[in-house]
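Following: one structure in structure tokens, then a few remarks.
What you see is a predicted model; the values in this text were computed from it and never measured. Both ligands and their constituent atoms are indexed starting at 1 by order of listing. Scope of the values below: all heavy atoms of this structure, side chains included, with no hydrogens, waters or symmetry mates.
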Amino acid sequence: MFKALIVDKDEAGQTHATVQDITLDRLPAAEVTVAVEYSTVNYKDGLCIGPGGGLVRNYPHIPGIDFAGTVEASDDPRYKAGDKVVLTGWRVGEAHWGGYSQKARVKADWLVPLPDGLTTRQAMAVGTAGFTAMLAVMALEDHGIKAGPVLVTGAAGGVGSVATAILAHLGYKVAAVTGRPETADYLTSLGATQIVAREELAETVKRPLEGETWGGCVDAVGGAMLARVLGQMEYGASVAAVGLAGGATLPATVIPFLLRGVNLLGIDSVMQPYDNRVRAWARIAKDLPMDKLDAMIQPATLSDLPQLGADILAGKVKGRVVVDVNA
Ligand code: NDP
């Protein structure tokens, strides 16, 4: 028997999340069984712990879109018992049972060997949010970061915190946008050189172009804020669009693209091919200072998850929640 957070639906369609003892035979069939050590809380996990938000295919369900742990058994020659592994993406925790469990069974293709220099706990302090932040930084680098500060929106959240720390470590000036002024010291400790109040970017677009201010942007917020930011980018600069914490509708004009050559780069962490995942994890181990990562961690256990799921949807989580599934 082992413990897992099971989300089930009652006859009235209400979901309930409870920690239960279950047996291995209940896990979905796949090549590799992993003894999970850590998982995390991402925005999608908040949706999957609650009513599903269209992400969960079948109930009962085990959420947890990422995990790190040790291979217990493998039918695939690429992995053997004792190997340390990390998983993000591939709709694990959505369409397939995920990491809020002391054991998980997944396809070998979905796993990545734990990169040198990272523990399983550090890998999950990074987790899907941090992995995505790294993908966003790599996309900005590929298109060229201009002279001005790099703007990070939703900065006190998971993606934003890791993006801020990586960009600062790489030597860029980072302007961190937050709606929580009390996180200013935290964001400065991660390396932000400027704090921008969310309200400053909250007004809808009045003029399609404003002053050329930002040399690049990692955007976790989307919506009206992204539309506004597009008109403030330097000529030829890029926005790596990661999320929609502030809304999915983009009330923008085409003018920043036509008259300033702005690039809008979509970042998807879910279906990244194996080589890209290995490359991004290697960069994380190299370019994310571990003392800053430690400062982002909020520890949690399986029984904390129902509350944390609600908190992340309400934008109340700071940094990265690391779930010790064996605590
Ligand atoms: P978090 O909840 O940790 O962070 C989101 C942050 O956005 C909040 O902390 C808050 O930051 C800000 N925010 C929240 N609501 C609003 C609002 N209404 N208006 C403006 N700002 C707001 O989530 P994550 O960092 O884990 O994820 C961020 C987004 O990225 C989500 O939409 C998520 O689904 C998406 N995502 C996408 C991935 C991909 O592959 N493309 C992978 C991972 C995440 P502050 O308090 O500082 O203002």
Side-chain angles (χ1 to χ4, degrees), residues 39-49 53-55 63-66 88-94 124-139 151-166 174-188 190 192 195-204 217-229 239-250 264-272 276-277 280 296-298 300 308-322:
S39 184
T40 81
V41 180
N42 297 276
Y43 196 83
K44 269 186 182 173
D45 293 315
L47 297 173
C48 293
I49 295 169
L55 299 174
I65 66 168
D66 48 24
T88 62
W90 305 104
R91 302 209 63 212
V92 171
E94 303 173 49
M124 278 301 101
V126 175
T128 303
F131 174 70
T132 306
M134 190 74 240
L135 292 176
V137 171
M138 288 161 67
L151 191 71
V152 175
T153 69
V159 175
S161 293
V162 180
T164 298
I166 293 172
V174 180
V177 185
T178 183
R180 290 180 278 178
E182 68 276 15
T183 64
D185 287 348
Y186 163 73
L187 292 168
T188 306
L190 298 182
I195 307 296
V196 180
R198 189 190 291 177
E199 305 80 70
E200 284 183 40
L201 294 171
E203 283 174 39
T204 47
C217 173
V218 175
D219 174 55
V221 168
M225 188 182 291
L226 172 56
R228 183 87 192 275
V229 165
V239 178
V242 164
L244 42 65
T249 303
L250 183 61
L264 182 57
L265 313 172
I267 305 299
D268 170 41
S269 65
V270 177
M271 307 305 262
Q272 284 292 320
N276 287 359
R277 281 184 287 146
M296 293 176 209
I297 296 176
Q298 177 182 338
L308 287 166
D311 286 349
I312 198 159
L313 294 183
K316 288 186 189 162
V317 168
K318 187 177 93 179
R320 299 284 298 137
V321 178
V322 177

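Near Gly154, with a cut-off below 4.0 Å to any heavy atom, the atoms of ligand 1 are 6 (C), 7 (O), 11 (O), 12 (C), 47 (O). Of all the atoms in ligand 1, the ones that sit under 4.0 Å from a non-hydrogen atom of Asp268 are 40 (O). Those atoms of ligand 1 that come under 4.0 Å of a heavy atom in Ala156, given as number and element, are 47 (O). Of all the atoms in ligand 1, the ones that sit under 4.0 Å from a non-hydrogen atom of Gly246 are 17 (C), 18 (N), 19 (N). Per-residue contacts place Ala155 under 4.0 angstrom from the following atoms of ligand 1 (heavy atoms of the residue considered): 47 (O). Near Ile312, meaning under 4.0 Å from one of its heavy atoms, ligand 1 places the atoms 2 (O), 3 (O). Shown in contact with Ile267 at under 4.0 Å from a heavy atom are these atoms of ligand 1, numbered in order with element: 39 (C), 40 (O), 41 (N).
Counting only distance, with no hydrogens or angles, the side chain of Ser161 and the backbone of Gly158 share no donor-acceptor pair below 3.5 Å. A donor-acceptor pair under 3.5 Å is absent between the side-chain atoms of Asn42 and the main chain of Lys44, judged by distance alone. Without hydrogens or angle criteria, Thr153 side chain to Val177 main chain gives no donor-acceptor distance under 3.5 Å. In this structure, the side chain of Arg91 engages the main chain of Leu55 through a donor-acceptor pair within 3.5 Å. One N or O on the side chain of Asp66 and one on the backbone of Thr128 form a donor-acceptor pair closer than 3.5 Å. With hydrogens and angles ignored, the 3.5 Å screen pairs no side-chain donor or acceptor of Arg320 with any backbone N or O of Ile297.
Annotation: side chain of Ile65 is not in contact with side chain of Val92 (no heavy-atom distance under 4.5 Å). Contact of the Leu226 side chain with the Leu264 side chain is registered, since non-hydrogen atoms from C-beta on lie closer than 4.5 Å. Put simply, the side chain of Asp219 does not reach to within 4.5 Å of the side chain of Val242, judged on heavy atoms. Side-chain atoms of Met134 and Val126, non-hydrogen and from C-beta on, never get closer than 4.5 Å to each other. In this structure, Leu201 and Leu151 have side chains that are in contact, with non-hydrogen atoms separated by less than 4.5 Å.
Nearest to atom 47 (O) of ligand 1 among the protein's heavy atoms is Thr178 OG1, 2.7 Å. Given atom 4 (O) of ligand 1, the protein heavy atom at minimum distance is Gly157 CA, 3.3 Å. Nearest protein neighbour of atom 36 (N) of ligand 1, counting heavy atoms only, is Val242 O, 3.8 Å. The nearest protein atom to atom 30 (O) of ligand 1, hydrogens excluded, is given as Gly243 CA, 3.4 Å; this is a heavy-atom distance. Protein heavy atom nearest atom 25 (O) of ligand 1, with residue, atom name and distance: Val159 N, 2.8 Å. The protein heavy atom nearest to atom 10 (C) of ligand 1 is Arg198 NH2, 3.7 Å. Atom 15 (N) of ligand 1 has as its closest protein heavy atom Ala245 O, 3.4 Å. Closest to atom 33 (C) of ligand 1 among all protein heavy atoms lies Tyr43 CB, 3.6 Å.
At under 3.5 Å, not a single nitrogen or oxygen of Ala129, backbone or side chain, sits near a nitrogen or oxygen of ligand 1. At a 3.5 angstrom cut-off on N or O pairs, Gly179 counts as close to ligand 1.
Here OH of Tyr43 is found 12.0 Å from SG of Cys48. Values are rounded to the nearest 0.5 Å. The OG1 atom of Thr40 sits 6.0 Å away from atom CE of Met124, with the distance rounded to the nearest 0.5 Å.
Both the backbone and the side chain of Ser269 come within 4.0 Å of ligand 1, judged by heavy-atom distances. Using a 4.0 Å cut-off between heavy atoms, Thr132 contacts ligand 1 through its side chain alone, with no backbone atom that close. Proximity of Leu244 to ligand 1, defined as any heavy-atom pair under 4.0 Å, is shared by backbone and side chain alike.
By heavy-atom distance, the residue among Gly158, Gly46, Gly130 lying nearest atom 1 (P) of ligand 1 is Gly158. Nearest residue to atom 8 (C) of ligand 1 from Glu182, Lys44, Arg180 is Arg180 (criterion: closest heavy atom).
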